[in-house]
Structure formats: C-alpha cells, structure tokens
Amino acid sequence: MVISPSQTSSGHNPDNNSEKIRKLFQTFNETYPDYKSTSIIDELRAKEYSQLDKSGQVYLDYTGGGIYSDYQLEEHTKLLRGGIYGNPHSNNPSSLASTELCEHARHFVLEYFNASPDEYAVIFTNNASGALKIIGEAYPFGEKSRYLLTFDNHNAVNGIREYARSKGANITYVPVLAPDLRIDEEQLIHHLSRPDPNGNNLFVFPAQSNFSGVQHSLEWIARAQSYGWDVILDAAAYVPTNLMDFQRYRPDFAPLSFYKMFGYPTGVGCLIAKKTALKKLRRPWFSGGAIEMASVQGDKHYLGEGVRAFEDGTINYLTLPAVEIGLKHLQKIGIGLIHSRVTCLTGWLLSNLTSLYHKNDAPVVEIYGPRDMADRGGAIALNFLDPGSVIFNFHLIEEEASKFNISLRTGCFCNPGAGEIAFGLSKKDMVDCFGYEERASFERCILAVKGKTAGAVRVSLGLVTNFNDAYRFLQFAQTFVDKTVI
Ligand SMILES: Cc1ncc(COP(=O)(O)O)c(C=O)c1O
C-alpha cells in the first residue's frame, strides 16, 4: 500500500510530511510483516468502500458497528428487484419465495460458523440484545438456580440478572483484574465448581470484551459445561474479526449482531443455540408466527416447533437475504486475513500510544486492558492524561476527535462492570452515586464527589482499517502532548 500525502492530511495537523509517513509505514511493515499479505483488503477498500477515503473519514468504531461495501448493497438490491417477496406466513408463491430465501440464510449462518444443523439452530432476532432477552425471559431460573457472569459483560447480559432476580435465583459476578482486565480465574473456578445441584445454572461471558478488547479463553465453555452449567458465549464483539467454530467450541447459546460483522443490514442479529438447550427454555408469552395454534375461548396455545417458537411476528424477510450476502462477502475476503490485519494495526497503535510521553516523562494515555496483542482483539479503551496525570474529559476528546474527522466511541460502551474495575470505582462509590435523586447527576457524582472518571475513549479497528487510519489517530493523540486540562 502506498500512502499519499492527501490520504494522511487531516487538515488540522501541520505534520504532513509524506516522507516521514512513508518511513513510518516501512518500519511498520518490517515490524508487522503479516500486514503485507492483507493488501487485497486495500484494493477492496479502494473499490468497495470508496466513501471512506472520499469523505476523509477515519472510522474507528467497528465494535460499535461495521462498514458495508458497495457490493453488498448492489447484490441485495439486485435480489429484491429480481422477485416478488411476500409475508412468509402463507403458502402463496410470493410467500414461498421469501421463505426459501430466509431458510437459505438460516442454513448459511450455520454453515459459516461450522455448526452442525443436527446440533444447532439459528433464531433470527433484531440484534444481540434481542437474542439475550429471549434467553433471559425463558431460562428456567428458580430459587435453586444460579446466574453467574463476569464483571466484563455488555448491559444486555447484565439485564438478564433482573429476570434471574425476579425468580429468586442467586446472582454472582466474577471480577476481572486490573490492569489487564482478564477474568479472575481463581474466583471463576471457585464458582463454576459450585452449581446448585437442585436447579438450573447459567454462566455467561463475552468471547471478546467490547470494553478492553480482551479475548477470554473459549476453554471456559467446556469447563463450565462439565460442572453442569448452561453457557452463553456472547460472540457479538468477537465474530467481526475472529473465526468462531462451533465444532470446536460448543456454547449452549451464542448471541450476535450481523451489522457488527459487515455493516449492512442493521436490525438483524441471531441466537445460535443448541437444540437441546432450546428445549429447556419456557417462553412467557406467544405471538403470531411463534405458535402452532392459539384459542381465545379455549384459553390455550401450542407453540410452534423448534426455532419458530422463538421468532415473534413476521421475521425481517426482505433483509435476511442480505445476511447471507454479507457472510459470503466475509468468507470471500477470509476472516483469517481480517484478523491478521487488525492484529498488526492494533499492535502498532498500542505500541505507539504507550510510547507517548509529556516533557516531564508522564504518559499521555492510560490504556485499560492488555498493552500487547496476546489474547486480545482490535478494541482499545483509553483515557488521555495531562502532564499532571489529570484525565481529559472523554466528552471533550470526542469533540476534538470529530474535528479531526475521526469517529470513535466514548463512555462506558454499555459495559459498566469492566469500566468500574478499570477506573478503580468501588462498590461504595457506585452505591453512593445511586443514592442521588437525579439520574443525570450520576456522571457528575463520579467526577465531582469521587474524583474519578466514569468513562473512557474507545477506538476499535475492523475489516477495512488501514495504516492511515491508525496513523491519523496517533497524530490526534500527539496533539495532547504537554497539553493541560484547564
Ligand atoms: C459484546 C457485546 N454484546 C452485546 C452487544 C449488544 O449488541 P446490540 O446493540 O447489537 O444488541 C454488544 C454491542 O456493542 C457487544 O459489544
């Protein structure tokens, strides 16, 4: 890849020396030789994702959502233009045409993840949160049940605790340990070895943290199952840049969102579930589409067979074919290649960010999570520090980054548990702040009363990130050298 000066110019930074950038890129290639083998992605970016470079945008929020290619849009439009597709709840020609496309997409999801159709089923949902909600509301929690989860989890996983609580289940959080924010293994083993023998036991952890990028060991799945736990593997942040093979790792449930993998379409996710695990669930309601029959006067209903029982109303039948197009697109590029590229760029960015110092030798950034690439993905959570180690407010960082045309994410990324440990917030801190009447005062409480931060900045790399994107973020970070919080 050749970087042109115009590609690297932000319009805000005078350091636009193309020779210097070329040298940096050369050194980068020497340090990360695998990057060269991913050049097909540069070609793809130029051809299929040209809006990125045309707009001069530096997109660094892939954990928030992926970017889509022209190819995906064109293929989907072509398909829709080529047929008549009606509501799949009938047996007429337009309905059958929709059913065929949706079932094809459903099978293809299993094929993509190497999941046996004898063992696994795919339930289409609106997103990963929707998939988690299905489990939460239908899992047979009871007073003799346990719900075990890591501090490092998305709020949709934390939300399941409310279902567990309402049924009297025991809820236990296993901490992650600063500074790397990896699971406290001793604690986890302690709890895994103590399922309630008289009830149902559910354990959940993310394959990749959407906060720190940590990749938790997938070996926990089989280990937990061997003690009798049902396991949810939250795969949402992992699958966009990693291969998930359901022949190798066999969670009972795995939620994910497709837009995080390939940008388009939004509004579709799925729950990949073991058929045996689905049999354990008890849906608390029924709707059209999910039933075999229901009666008003008979006051009874029969749920549909298999996945039908879990898909409410009309599935997103015009959009589901675009899921298959997206998965094939990823397959064609190769998830291994995407993984390799993201690993090189994240490694470079981490190493350069942690080498930034103020004149007084104080670091410019604090990274929350691992500083090297062992068992981690392409999301980096950080805060900017001034020479006195005072944290720059993350809202200000987002504003400043926007001036550089950089899209990043700030806050706690819907993962409060990892944040509480990263920012050194204690149980007392959190309980005190919930004591305030006004909700809006929460962030102020953490800042003003506790003198701590309630959030961070996250940059996340993905499918078509290139060296220029990583470099532009580094340039942005360099503008904080010797800058003071006012
Ligand atoms: C690990 C993880 N789980 C679940 C979710 C929820 O995804 P969605 O908002 O698409 O429902 C996210 C979203 O960022 C995530 O990163």
Side-chain angles (χ1 to χ4, degrees), residues 59-68 109 122-137 149-161 176 181-183 202-218 220-221 231-242 244 249 251 253-273 310 312 316 319-320 322-323 326 342 368-369 375-381 407-419 422 455-463:
Y59 187 82
L60 291 173
D61 190 21
Y62 284 87
T63 301
I67 298 276
Y68 48 85
V109 173
V122 169
I123 295 161
F124 285 117
T125 59
N126 291 341
N127 45 36
S129 303
L132 286 157
K133 190 164 184 236
I134 286 177
I135 309 166
E137 67 183 14
L149 62 168
T150 48
F151 263 59
D152 182 9
N153 260 311
H154 190 272
N155 262 335
V157 172
N158 292 324
I160 292 180
R161 77 179 182 212
V176 290
L181 303 180
R182 296 194 190 278
I183 293 176
L202 184 61
F203 167 54
V204 51
F205 72 103
Q208 178 170 316
S209 170
N210 70 327
F211 185 99
S212 62
V214 162
Q215 292 182 342
H216 301 295
S217 170
L218 301 183
W220 291 118
I221 300 168
V231 177
I232 306 176
L233 178 76
D234 181 354
Y238 184 76
V239 289
T241 54
N242 296 277
M244 176 68 203
Y249 298 105
F253 304 102
L256 58 94
S257 284
F258 291 110
Y259 72 91
K260 289 188 191 293
M261 297 178 76
F262 36 77
Y264 175 88
T266 51
V268 197
C270 76
L271 175 62
I272 303 178
F310 297 93
D312 294 326
N316 200 339
T319 297
L320 290 179
V323 167
V342 166
Y368 304 109
D375 299 324
R376 66 125 58 237
I380 306 174
S407 291
L408 44 70
R409 176 91 181 256
T410 59
C412 78
F413 331 122
C414 296
N415 188 332
V457 176
R458 182 184 72 194
V459 288
S460 52
L461 286 61
L463 176 52

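Atoms within each ligand, like the ligands themselves, are counted from 1 in listed order. Scope of the values below: all heavy atoms of this structure, side chains included, with no hydrogens, waters or symmetry mates.
The number of heavy-atom neighbours closer than 6.0 Å to OH of Tyr68, taken from other residues, nucleotides and ligands shown, is 12 or below.
Residue Asp234 has at least one nitrogen or oxygen atom sitting less than 3.5 Å from a nitrogen or oxygen atom of ligand 1, judged on distance alone.
Which parts of ligand 1 touch Ala236 is read off a 4.0 Å heavy-atom cut-off, strictly below it: atoms 2 (C), 3 (N), 4 (C), 15 (C). Within the listing of ligand 1, atoms 16 (O) sit less than 4.0 angstrom from a heavy atom of Asn210. Near Ser129, meaning under 4.0 Å from any of its heavy atoms, are these atoms of ligand 1: 6 (C), 8 (P), 9 (O), 11 (O). Atoms of ligand 1 found under 4.0 Å from any heavy atom of Tyr259 (numbered from 1 in listed order, with element): 8 (P), 9 (O), 10 (O).
Within the structure, the side-chain hydrogen bond (donor to acceptor under 3.5 Å, both in side chains) test picks out no pair touching residues 126-135 (sequence neighbours left out).
Side-chain atoms of Ser460 come within 3.5 Å of backbone atoms of Thr63 as a donor-acceptor pair (strictly under, hydrogens ignored).
The closest protein non-hydrogen atom to atom 15 (C) of ligand 1 is His154 CD2, 3.6 Å. Ranking the protein heavy atoms by distance from atom 14 (O) of ligand 1 puts Lys260 NZ, 2.8 Å first.
A perpendicular orientation is assigned to the rings of Tyr62 and Tyr59, their planes being inclined by more than 60° (bins at 30° and 60°). The aromatic rings of His216 and Phe205 sit perpendicular, their planes meeting at an angle over 60°, well past the 30° parallel limit.
Residues passing the salt bridge (Lys or Arg N to Asp or Glu O under 4.0 Å) test with Arg458, sequence neighbours excluded: Asp61.
Considering every non-hydrogen atom in both Gln215 and Gln208, the closest pair reads NE2-OE1, 2.9 Å.
Not a single heavy atom of Phe413 lies less than 4.0 angstrom from ligand 1.
Under 4.0 Å from ligand 1, heavy atoms of Ala128 appear from its side chain as well as its backbone.
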